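Heads up: the structure comes next, in structure tokens.
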Amino acid sequence: MVRLGLITGFIALIGVLFSGLAAYRIHDQELTVDGIALARAIDVHASLVQDRLTERELLARVASGLFRSPSVIKANMLQPLRSSIYAFKTDFVVASWIARLRPEELEAAHTELAGAGFPNPTIRSFDDVPLDTQTLQRPVDVLMDVEPRNQEMSAFPGRCFDQHPILGPMLAMAMTAGKPVASDPVPLLRPDGPIGLVLAAPVLQNGDASPAGYVTFSYELAPLMLANDDLSLFSVVLKDPRSDNGELIENDRGVVISRTASPQGPTPSVTRTVTFGGRDWSLGYYAKTNTVTRARQTATIVAAIGLALTALVCGLFGYVAYNNLRLSREIQVRIGFERRLTAVIDELNHRVKNILAVIQSIVTRTLRHGSDIDVARELLIGRIHAMSNVVSLLSESQWQGVKLKGLFEARAIPHAERIAVSGPDITVSARAAQSLSLLFFELASHSDEGLSLVGKHPHIVAHWEVTGEESGPIFYFRWEEFNTSAATRRTDSDFGVILLDRVAPEALGGTSKRYFTDVSYVYELTAPMETVVDMSERDRTEQFSAPPKPVG
């Protein structure tokens with residue numbers, strides 16, 4: 001009996017030791033997994049918020065850059081921009097034109113607002129009190145146009161926002177900085193309206209040092225913050241810049257409200273900083289579950305099970321060892337997935353930055369040298385549509401390349417129905433597709449400005465082929481417009497010349513030439529196939545898109 005008791009006690013001691021070890025390992029692993037999952041979810045969320053803010057600030061910069069008008073007093077100043085600002089799909093609440101008017105211009109502004117059909121054309125303060133224009137000694141900022149023009153929005157034109165406690169300082173900062181500036185959180189449309197932000201972009205014309213006015217966009221905070229649903233690991237708040245302890249958070253009805261954080265209350269698990277409108281904004285993240293308590297509860301359950309099964313310690317040991325191995329594999333798989341996700345996000349950010357840089361170059365060069373706004377707008381929209389088409393094609397192929405014939409679709413370039421396309425349907429790389437898409441658009445957009453000498457539209461032939469040995473094949477492309485000449489064909493724009501002669505050849509590592517024959521206009525491009533196909537880029541994309549491999 002004594003021996004049996006000693007053996008039983010020894011078995012019980014082994015059971016207690018293994019139960020304690022299993023509880024400790026489970027506690028540590030739960031803390032590690034939950035911490036990694038929460039940190040990665042927060043990083044992804046902050047990155048998405050920053051991307052949304054960057055898109056909206058880019059819209060303000062593009063809108064102010066496209067803004068052209070002989071007079072700032074007009075009440076339909078946003079008319080040339082309406083199609084462009086909606087193309088960005090940034091879900092703004094209100095877009096407006098705020099003109100900076102001298103006292104002697106206010107009477108003309110009143111007349112213009114009345115003629116535009118706004119219900120209250122009186123020049124008045126932001127709280128609807130008419131201004132005494134005789135006492136004004138300096139320019140004032142007057143709202144002259146809004147978008148969308150509905151019944152509620154039409155009541156705002158004519159208001160002066162110089163003395164507004166939030167929008168007034170924002171406009172002054174934008175005038176001083178000369179770039180887009182965001183306001184403090186402010187109720188939109190009415191005092192009890194949704195809380196949002198207003199972004200003001202100053203408009204400079206004819207080399208003036210002082211802005212002629214401001215293009216503004218208003219956004220609700222809830223979509224900007226990407227407030228989470230019930231399944232998320234955290235709740236997100238925006239630190240209120242107007243108060244040290246103030247926070248802005250979305251309630252259960254989806255409305256952003258302001259609250260005061262108690263010094264004795266919980267603090268955010270993580271804080272991230274994003275930039276918008278020349279300012280830094282702090283996002284606070286509160287974990288919805290207490291990972292330490294959860295890990296302790298799990299460890300306690302494991303220990304209780306171990307103690308209850310002391311008689312089966314050998315089986316328990318095998319069970320715990322198997323569970324530990326399985327959990328270790330899951331952790332490694334999760335870590336591998338997070339690393340792969342980080343690499344995918346970095347690659348996506350790199351590609352988005354490249355696309356934004358190309359669009360910025362397109363906008364800058366299209367509007368350079370005082371181009372006619374109508375022509376420049378059509379070219380700009382067409383070039384951006386060409387970029388949008390190639391990005392859509394790349395997205396459909398998971399950025400593994402685009403069929404070359406797909407770049408000649410009617411939605412991508414003008415006059416596609418008159419282009420005779422021939423050549424092997426090769427798949428070009430993402431980088432080459434972007435350059436070739438813009439190249440084809442420039443060639444097509446300049447091919448039909450005038451009629452030919454025989455009274456017919458040009459007939460266009462686009463042909464390419466791959467020549468040379470397998471070790472060094474060469475891509476050769478030829479564009480030929482028949483029934484045209486130097487006298488009838490529209491002259492290539494500055495941007496087009498740079499793209500045809502320098503940008504596209506350099507991007508593909510090749511050479512180009514363009515010339516007129518007796519009956520046609522010819523453009524030729526020659527480049528190594530290794531830069532047109534770019535297998536390294538395809539291999540890298542396939543690596544990112546591959547599922548993580550389990551360890552073991």
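Computed from a predicted model, the values in this text were never measured in an experiment.
By the 30° and 60° cut-offs, the orientation of the rings of His164 relative to Phe161 is tilted. Under the 30°/60° scheme for interplanar angles, the aromatic rings of Tyr86 and Phe92 are found to be tilted.
Listed by chain and residue number, nothing satisfies the side-chain contact (heavy atoms from CB on, under 4.5 Å) test with Ala39 (two or more places apart in sequence, or in another chain).
Residues Ile42 and Arg272 come closest through the heavy atom pair CG2-CG, 4.1 Å. Nearest approach of Ile166 to Pro169, heavy atoms of both residues: O-CD, 3.4 Å. Nearest heavy-atom pair across Gly213 and Trp97 is CA-CH2, 3.5 Å. Across all non-hydrogen atoms, the minimal contact from Val93 to Pro148 is O-CD, 3.7 Å. Listed here is the closest heavy atom pair of Pro157 and Leu113: CB-CD2, 4.0 Å. Residues Ala201 and Ser64 come closest through the heavy atom pair CB-CB, 3.9 Å.
At least one side-chain heavy atom of Leu238 sits under 4.5 Å from a side-chain heavy atom of Leu283. Between Leu106 and Val140, the closest side-chain pair of non-hydrogen atoms falls below 4.5 Å. Counting heavy atoms from C-beta on, the side chains of Leu167 and Val198 come closer than 4.5 Å. By the 4.5 Å heavy-atom criterion applied to side chains, Phe217 and Arg56 are not counted as neighbours. Looking at heavy atoms from C-beta onward, Leu131 lies in side-chain contact with Cys160 at the 4.5 angstrom threshold. Residues Leu248 and Val237 form no side-chain contact, since every pair of their non-hydrogen atoms from C-beta on lies 4.5 Å or further apart. The closest side-chain heavy-atom distance from Met144 to Met77 is not below 4.5 Å. In this structure, Leu500 and Leu443 have side chains that are in contact, with non-hydrogen atoms separated by less than 4.5 Å.
Counting non-hydrogen atoms of other residues, nucleotides and ligands closer than 6.0 Å to CZ of Arg334 gives a total of 12 or fewer. Enclosure of atom CZ in Arg190 by more than 12 non-hydrogen atoms of other residues, nucleotides or ligands within 6.0 angstrom is indicated. Residue-environment remark: CD (Glu104) exceeds the threshold of 12 foreign heavy atoms within 6.0 Å. In this structure, Glu152 places its CD atom where more than 12 heavy-atom neighbours from other residues, nucleotides or ligands lie under 6.0 Å away.
Of the possible donor and acceptor atoms, one in the side chain of Arg52 sits under 3.5 Å from a partner among the backbone N and O of Pro223. At least one donor-acceptor pair under 3.5 Å links the side chain of Trp281 to the backbone N or O of Phe276. Side chain of His110 to backbone of Ile123: no donor-acceptor contact under 3.5 angstrom is found. A distance-only check finds no donor-acceptor pair linking the side chain of Ser437 to the backbone of Ala433 [under 3.5 Å]. Side chain of Asp162 to main chain of Asp141: a donor-acceptor pair is present (N/O by atom type, distance under 3.5 Å, no hydrogens or angles). Side-chain atoms of Asp43 do not come within 3.5 Å of backbone N or O of Ala46 as any donor-acceptor pair. A donor-acceptor contact shorter than 3.5 Å is absent between the side chain of Asn76 and the backbone of Gln79. Not a single donor-acceptor pair under 3.5 Å links the side chain of Thr531 to the backbone N or O of Ala527. With hydrogens and angles ignored, the 3.5 Å screen pairs a side-chain donor or acceptor of Gln50 with a backbone N or O of Thr275. Ser183 places no side-chain N or O within donor-acceptor distance of the main-chain N or O of Leu197, the cut-off being under 3.5 Å.
By the 4.0 Å N-to-carboxylate-O rule, Arg514 lies close enough to Asp501 to be salt-bridged with it. Look at Arg124 and Asp132 and you find no salt bridge, because none of the NZ, NE, NH1 or NH2 atoms lies under 4.0 Å from a carboxylate O. Between Arg159 and Asp127, no side-chain nitrogen of the basic residue sits less than 4.0 Å from a carboxylate oxygen of the acidic one, so the salt-bridge criterion is not met. Residues Arg279 and Asp184 are paired through a salt bridge, judged by an N-O separation under 4.0 Å between the basic side chain and the carboxylate. At a threshold of 4.0 Å, the pair Arg102-Glu105 counts as salt-bridged, since one of the basic side-chain nitrogens sits closer than that to a carboxylate oxygen. Between Asp244 and Lys239 there is no salt bridge, since none of the side-chain N atoms of the basic residue sits less than 4.0 Å from a carboxylate O of the acidic one.
Both tests hold for Arg259 against Tyr286: distance to the six-membered ring centre under 6.0 Å, angle to the ring axis within 45°.
Between the side chains of Ser243 and Asn245, no donor N or O sits under 3.5 Å from an acceptor N or O. In this structure, a donor-acceptor pair under 3.5 Å is absent between the side chains of Ser282 and Thr271.
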